[in-house]
Amino acid sequence: MNNRKKRKSLSLLLVFVLVLAGILSGCGKSSGSNDDSKTIKLGVLEDRSGDFSLVGIQKYHAAQLAVEEINKQGGLLGKKVQMVAPDTQSDNKRYQEMAKRLILQDKVAAIMGAFSSASREAIRPIMDQNKMLYFYNNQYEGGVADNMTFNTGAIPEHQMVPLIQYMIKKFGPRVYTIAADYNFGQISAQWVKKTVEANGGKLVNEEFIPLGVSQFSSTISRIKKAKPDVLVTLLVGQDQSSFYEQWSKSGDKSIPMASTVNMAQAYEHKRFAAPALANMYVTATFMEELDQKYPSAKKFVDKFYKKFPNDKYVGMEAESEYTGIMLWAKAVKKAKSTDTDKVIKALESGISYDGPAGPVTIDPKTHHAIRNVYLVHTDAKQKVHIDTEWKDVKPDWLSKEKNVDLTKKQEAKQYTPLK
Amino acid sequence: MSKEAVLLELRHVGKYFGGLRAVDDINIKVESGDLHCLLGPNGAGKSTIFKMIMGIYKPTNGSVFFNQRNVTHLKSWDRVKLGISIKMQTPGVFGELTVYENMKIAVQHFTRHAEVKSEVSRLLELLMIRDLKDELVDNLSHGQQQWLEIGMALACKPKLLLLDEPAAGMGPEETDRTAELIRQLNQQGITILFIDHDMAFVKKLARNTTVLHLGRKFAEGTVEEIETNQQVVDIYLGKS
Amino acid sequence: MEDLLYQFMNNFAFLILSAIGLAVIFGMMKIINLAHGEFIMLGAYIATLATKAGIPLLLSILLSVVGVGIFGLIVDRLIISRLYGRTLDSVVVTWGVSLVMQQGILILFGPSLETLSTPLGSISIGGSDYSLYRILLFVTAIVLLILLYLLFTKTTFGLHSRAAMQNAEIARSMGVNTNRIYSFTFSIGAALAGLTGALYAPTMAVSPTFGGGFLMPSFVTVIVGGANPLIGPSLSGGVLGVVSTGLDATWGTFFGRLGLLVVAILVIRIMPLGFSGLVEKLSVRKSRG
Amino acid sequence: MLLTADRVFSGYGKVDIVRSVSITVNEGEIVSIIGRNGVGKSTFVKTVMGLLPAHSGSIRFQEQDVTRSKANDRARQGMGYVPQGHGVFPTLTVEENLMMGTQINKKKPSMNLLTIYDYFPKLKERKRQKAGTLSGGEQAALAIGRALAGYPELLILDEPSEGIQPSIIHQISEMIRKINRELGITILFVEQHMGMIQELSERCYAMDKGVIVGEVGGEDLHNYDRLKSYLTV
Amino acid sequence: MLVKLNTENIVAVLIFLFFFVYPVLVDAYSVMNLAYFLSMVFLSLSLSLIWGYCGIFSFGQAVFFGISGYFYAVFTLNSGITTLTPLGLILGVLIGGVIAWILGYFMFYGGVNDVFVGLITLCLTLVLETFMGQTAGDQWMIGQVNLGGFNGINSIPSLQIGSFILTGNSFYYFVLLILLAVFIFLKWFEFSKLGIAVVAIRENRERTKLLGYNVPFIQSLVFAMGGALASLSGIFYVLWGNYITPSAFGLASATIPVVLVAAGGRKNVTAALLFTVLYYWFSQTLSASGSEYALIILGLVLIVAILFVPNGLIASLFHAGDQLFFREHSKSLLRKKGAKTL
């Protein structure tokens, strides 16, 4: 082969590789190089495709709404808030990649997001490593004690404890739990057990359903045999929500169901034809239907649908996301800085925001929220009735039983009730 | 002849496919140094016997002995290591590799690394296809592929070489060359068992012959005996 | 006992209906359709949307069958027809198809649909309620198996497709347009998936990920059943139905699910051609002996 | 002229195995193509049948250019084909195999299965049996019967003698001749079995290395040495 | 043979040169990100080895990826001694290899081959996903480590050699050096004695047996090597994110290597390497854009790639490069990779 040809080919390939390098590094830098701009960047990681998009899109829209409002009112510290929101695609790997990207490349001031506990656990250590302020605005199984993490959603003290007490008192002591077979379901089931025992009830059985199971005939037959007074359902995801339709056809509809995840999160009562979700009792920190009774809720719901007229529901996770961003904004204003330590200090000062479902206050010791809880149930036509409300429920299990005080002690772990 | 001299022995070997008895109760002895032919019309079970000797098929009943050792349950590759090697009816060469590479695959397993090249050359020389060393095997003629495959079988340094229709599809010149090659190999001490239809070819080579018909042993003896056996002639003409 | 029977019927119907479309496509064309779940999902969407639009359920189900069948035909003509005989490439391509379909539906219809109510109500036997519709699903599964058997053994199409499966070149020399046979087979497989989706739509939550739950049972049923779409699914559906019902009833859902997979692994190891391979072997032996 | 192939080039992939082959077959004739293994005989008849594309050249059948039409269309137009090794569908029953033939073209009359069973009485005995369980000779009969069932104008046979005992080869030759005489079906066959070639052909083309090297007809067909020179070089 | 001048080898040299200077050109995030892509390259290479070289089609690389990831997590978290992390890495790779060997033994000695290997391994990944998914309870402790169910295990220690913790650039270079070593090994392996036998097995399994090769043994061996490589990938993934979940065993994880190797060019390790990096970069960029069309674009790209470039996108580019610049129509499969689908 002659040398000229060799050189020609080499140079062509070199060009190819350089172009490739340019693309790779260019992509790495293009969006991250404007640190000193006139915006404050807020990272939002929510699933807009895949399994969790049902709730993820609601939360993403709520975040858009919150950021828009903040900017309308003049932004923060004289700067506009710019939302950086990759699609995490219901993929935990993606959560990690994107969290690192938001922190290291986009240099965001704080990160909101994650729906499932698994997604949260995927990114929480990254937040700790990089000292990034993180808001997990979601209902969950509780127990996370982490200096960098704040939670504005509902936890078992808000939901499970009052719910079980109410159900046992109203319907009887025999409780049957079916729960998704993963961390959320198992820890929540521990809460059920703990609360049932504390209230003189009896747990007749607890059954764990692997994620992705959509056929429930054996479970239904076991429940019917056990004849419980209350059926607690802690089912997660689209597949498992098929339970209700199947239960309504071959189960015993006279047994009342109780849940902390249904309706307020994934609006099963609107998606399923009656009476699949009939006779269901739920404790929630927010639901669209609160607008019947509470003006602040109505205002929020109206705003939401005005901006997103095609959306189907505004649930409690959307409210948490919205409130979380508002709380963060308030803290930034108070700290007069986006510096993480200062903002955390401001948040730990017992900061409070009057949200769509009443005041939400950060509990400094646990970084969880003190907030109102509503108990609702559905009638045979799946119409929602608001039964009771508890005001300013404290998330104090961590501080009382586990001696967590994040203002004094560094922590980065999740506690479970039975350990 | 002493018992030690029997290299290959089939004892009451049978192979059934479902209800079909492809091979039924066959006894064959091949002595060391023999040049032995399996004869028989199509469907007589000749190739099936070869496959059982090689361990490609497991006999339904009976046993295969090689060098006084029962090899019925040995895997193909272990039999190759004991010294049985085969050229199959349809060429099993690697069409997308070159002749040299084909030979290398076969040779490297039985020859020390430093000697692979010279061994390949020696075999290609023997087979008279040295000029085709760098040719893609797919471009070879049918006859050349057959030789290559014989070469690959030889690379395994066999004591017993099975040749299934070694001259099929060859012209007379190629056939003669093949016959010469087989005789030469036999003289070097390799025992050869082969299948063929062409009586002229068989007559040139074989000392002992076993005739199969419909899966059973029909006759055996020297080529001359077989040739004059009226019953053998009959089965070939379909009278039996 | 009625309970166990009812559960078996449920499991059997679910396994058969999950697998049947996949079995036809894999058995006849050796195409591994990773978009099978999405075809099922599409069927569920068409049935749900049509029913919401006021079309009677039965007609909506029919619409799904036709709709997904036509969709399958389009996918075949555009994509699969270029891959006949390339089993492994079909894995990659159909995976791509599934990504496109799932996200496409999400963009078009959002993350979930309002679900239909299961029709027909329930009957009470021995003091226990059983969904009539689910019993009907079991009957449908069996009827479907019979229809499929008739289609492939009694019709010209069936004869031609079995011939094409064995030796496409010779079938072509017998006047069979094998490409049309393959297209039609793929379309039938898709239509069956659509039917499955439509049938289960009123019993489950309908979302873009609807098909995901069907994928594992369908693959396991096809694997255990083997290549023959006529014998395979019915046998493996029966055996796996018993296994999963038994494990589920004694040790719970998790073991029921794990059991399916373990059976599949063992079956491939012991008889790679599955039940239908075994049956074919026995039947040849019988007709020879 | 029933079939004309004009300077046909074809092969697998891009390589030409058949190079510029031209033949003609007249109505009612029995024509053979002879030659050794691997000279391109099968490739050529597969091209005639449409199972392989012609790289260049043309094929006319019944005065129509069929060079670009597909195998299934040629079959429907009246070409019957008996592949090498007979190619029965092993897990279909004998009757189903035959039905493949009767359904070749629904617009044309097909042959009654009974007629076929008349020609091949063995097949009738075994009509419910899986074709894979038949003996070699029976499979050959089935393959011929199957092609016959579509009532072709032209029957193409690729090495009908292959894998068959010598005694049966003779029977098959007679059967093919009978089909030609009684049903008026034109025959084109590929062969290297001397006996069959001599017994059956009215005219034959000799092929070597992808080209036609000679044409033999009439008295020459009984010239053993001449034929032998084509079959063994 | 190794330094033969053709497009593939030139590109390989350039890629590695580029990788070595990359940290100088870009910020810390991009380096970490490429480290992640490179970790996933091992997974593709493992499939390239067993599928491309040996013709074993497997969905099971995710099995070894996940098992070794979990092993590393449990081992290092239990030992609590961070200097033992390299031992965790080595043991993890060995265990992945051994498990692959056992699985290979189970399959190949039992005569399971071709698409059935794919099906068994697919079932096995799903078994592991199902099983690991339900290990959230307290009964699933190994030593002091809870397997963590669906949420998986996090805060897994990074690799520490002596007192030096490998993070950032040092982790990147560590991965890169091992990748280079593995890459050179694979290139050498192709023409080694075993490598040639492996190609023979891919081309004609039965015939290779008749040349005296113990085919199931060689298949198991190559499968074990593939398992070890996949394990390396799994551990690097864990080191990158300090995290592992059962989704490592999921359908998507099982499918991705197949997709990458098939679309890149299965008989060519450079193609697998390059395509893996490009794919991860592309899909991540799409995801970061937040576009709802990301997955649709990705799906369409894969479909088009397989339909129009069946021998693999990158491998075909190499081939075109060879024809353009080197005018060499090398004759044999051993030299011309990816020329024909198997």
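For the numbers below, each heavy atom of this structure counts, side chains included, while hydrogens, waters and symmetry mates do not.
- Side chain of A:Glu288 to backbone of A:Val301: no donor-acceptor contact under 3.5 angstrom is found.
- Electrostatic pairing of A:Lys249 and A:Glu245 counts as a salt bridge here, judged by a charged N lying under 4.0 Å from a carboxylate O.
- With hydrogens and angles disregarded, a donor-acceptor distance shorter than 3.5 Å links the side chain of A:Gln382 to the backbone of A:His269.
- At a 4.5 Å heavy-atom cutoff, the contact between A:Ile57 and chain C is made by side-chain atoms alone.
- Remark: the backbone N or O of A:Asp47 is not paired with any side-chain donor or acceptor of A:Lys59 at under 3.5 angstrom.
- Checked against the 6.0 Å centroid criterion, the rings of C:Phe12 and C:Phe138 qualify as a close aromatic pair.
- For C:Gln7, the parts sitting under 4.5 Å from any heavy atom of chain A are the backbone and the side chain alike.
- Ranking C:Met9, C:Met216, C:Gln103, C:Arg134 against chain A, the residue ahead of the rest is C:Arg134, based on heavy-atom pairs under 4.5 Å.
- Between the side chain of C:Thr94 and the main chain of C:Ile32, a donor-acceptor pair closer than 3.5 Å is present.
- The candidate with the highest count of non-hydrogen atom pairs below 4.5 Å against chain C, out of A:Ser218, A:Ala266, A:Ala273, is A:Ser218.
- Heavy-atom pairs under 4.5 Å with chain A peak, among C:Leu132, C:Thr209, C:Thr245, at C:Thr209.
- Checked options A:Arg222, A:Glu207, A:Glu206; the residue passing with A:Tyr176 is A:Glu207 (criterion: side-chain hydrogen bond (donor to acceptor under 3.5 Å, both in side chains)).
- C:Tyr200 touches chain A through its side chain: at least one heavy atom from C-beta onward sits under 4.5 Å away, while N, CA, C and O do not.
- For A:Tyr267, the part lying near chain C is the side chain, with the backbone staying farther off; criterion is any non-hydrogen pair under 4.5 Å.
- Using a 4.5 Å cut-off between heavy atoms, C:Phe14 contacts chain A through its side chain alone, with no backbone atom that close.
- C:Pro202 touches chain A through its backbone: at least one of N, CA, C or O sits under 4.5 Å from a heavy atom, while the side chain does not.
- Taking chain C as the reference chain and counting heavy-atom pairs below 4.5 Å, the highest number among A:Gly237, A:Pro275, A:Pro210 is found for A:Pro210.
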